[in-house]
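These notes are about the structure you will find just below.
Letters A, B, ... are given to chains in the order of the sequence lines, protein chains preceding strands, and every chain is numbered from 1. Worth knowing before you read on, the calculation uses all heavy atoms, side chains too, and leaves out hydrogens, waters and symmetry mates.
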Amino acid sequence: MRPLPRRFYDRDTRTVAQELLGMHLVHVVRGVARIGRIVETEAYLGPHDLAAHSARGRTARTAVMFGPPGHAYVYLIYGRYHCFNVVTEAEGHASAVLVRALEPVQHLAGRCSGPGLLCEALALDRRHSGHDLLSAELYITRPAARREFAIVRRPRIGVDYAGAWARRLLRFYIKGNAQVSRP
DNA sequence: TGCACGATGAAC
DNA sequence: TTCATCGTGCAC
């Protein structure tokens with residue numbers, strides 16, 4: 001398996017969010033590769049995007065978002081679940097793509113529809129924040145057998161506080177896919 | 001009476 | 001975000 005190259009992530013965040021659909025997210029845990037097909041994503045467009053963590057400035061937690069592309073940004077939400085994001089665009093842009101749902105491909109125990117459940121199934125937590133996605137343990141790759149699909153665009157989930165930003169169509173999912181968290 | 005569905009609160 | 005619980009409305 002070959003990880004997607006750094007330049008894949010170093011592009012417009014909306015483009016990356018859509019092109020991540022259909023890709024395989026891989027986490028190798030104790031020698032076992034847990035693999036899921038990405039079916040739902042959300043784009044977070046940097047410090048001006050009031051729904052993005054980077055909008056409230058650079059902190060110890062969000063520093064990863066301000067760093068170079070192709071790294072994992074994982075944060076704890078509601079004290080209980082984790083959310084897995086990939087950092088996009090050039091260093092300093094502070095943009096990222098949240099992965100919201102996977103279709104099980106290999107060695108995934110439990111559900112992976114929804115950002116919290118997905119992290120549970122892949123055994124991802126804060127310790128992975130900042131991890132390079134061009135690594136052997138945690139990466140995203142293009143599957144050999146690709147399927148055709150249509151992309152649906154919707155407002156993002158759970159960002160009602162973000163004013164006009166909440167209404168923008170920055171959530172993307174594979175049309176008709178059963179694993180999408182909120183069709 | 002019981003099911004399906006939405007609203008609500010809790011986990012921190 | 002996710003889960004459990006509780007209420008409403010509807011059907012039987």
Rounded distance (Å) that lies between atom P of C:dT1 and atom CZ of A:F84: 17 Å
Sugar-phosphate only, base, or nothing, as touched by A:L117 at under 4.0 Å among non-hydrogen atoms: sugar-phosphate
Distances under 3.5 Å between nitrogen or oxygen atoms of protein and nucleotides 7-10 of chain B:
none

Between A:E40 and A:S181: side-chain donor-acceptor atoms closer than 3.5 Å: yes
Rounded distance (Å) that lies between atom C1' of C:dT1 and atom CG of A:L124: 16 Å
Pi stacking test for A:Y78 and C:dT1: under 5.5 Å apart, planes under 30°: yes
Touch class at under 4.0 angstrom, heavy-atom based, for A:R182 against every strand present: nothing
Spacing between A:Y81 atom OH and C:dC3 atom C1', to the nearest angstrom: 6 Å
Distance test, side-chain N/O of A:R156 to OP1/OP2 of C:dT1, below 4.0 Å: no
Within one Ile-Leu-Val-Met-Phe-Trp-Tyr cluster: A:V16 and A:L170, side-chain cutoff 4.5 Å: no
A:R156/A:D49 salt bridge by N-O under 4.0 Å criterion: yes
Length of the NE2-P vector between A:H82 and B:dA11, whole Å: 19 Å
Pairs touching residues 4-30 of chain A that satisfy ring pair (Phe, Tyr, Trp, His ring centres under 6.0 Å), sequence neighbours left out: A:H27-A:H128
Closest to side chain of A:R80, choosing from C:dT1, C:dC3, B:dA11: B:dA11
Nearest-Å distance for atom pair CD1/C1', residues A:I77 and B:dA11: 13 Å
Carboxylate-amine/guanidinium proximity below 4.0 Å for A:E103 and A:R147: yes
Whole-Å gap separating C1' (C:dT1) and CZ (A:R100): 8 Å
In one Ile/Leu/Val/Met/Phe/Trp/Tyr side-chain cluster, 4.5 Å: A:L98, A:L118: no
Rounded distance (Å) that lies between atom P of C:dT2 and atom CG of A:L118: 9 Å
Between C:dT1 (C1') and A:R126 (CZ): distance, integer Å: 15 Å
No-hydrogen, no-angle side-chain donor-acceptor test under 3.5 Å, A:R37 and A:Q179: no
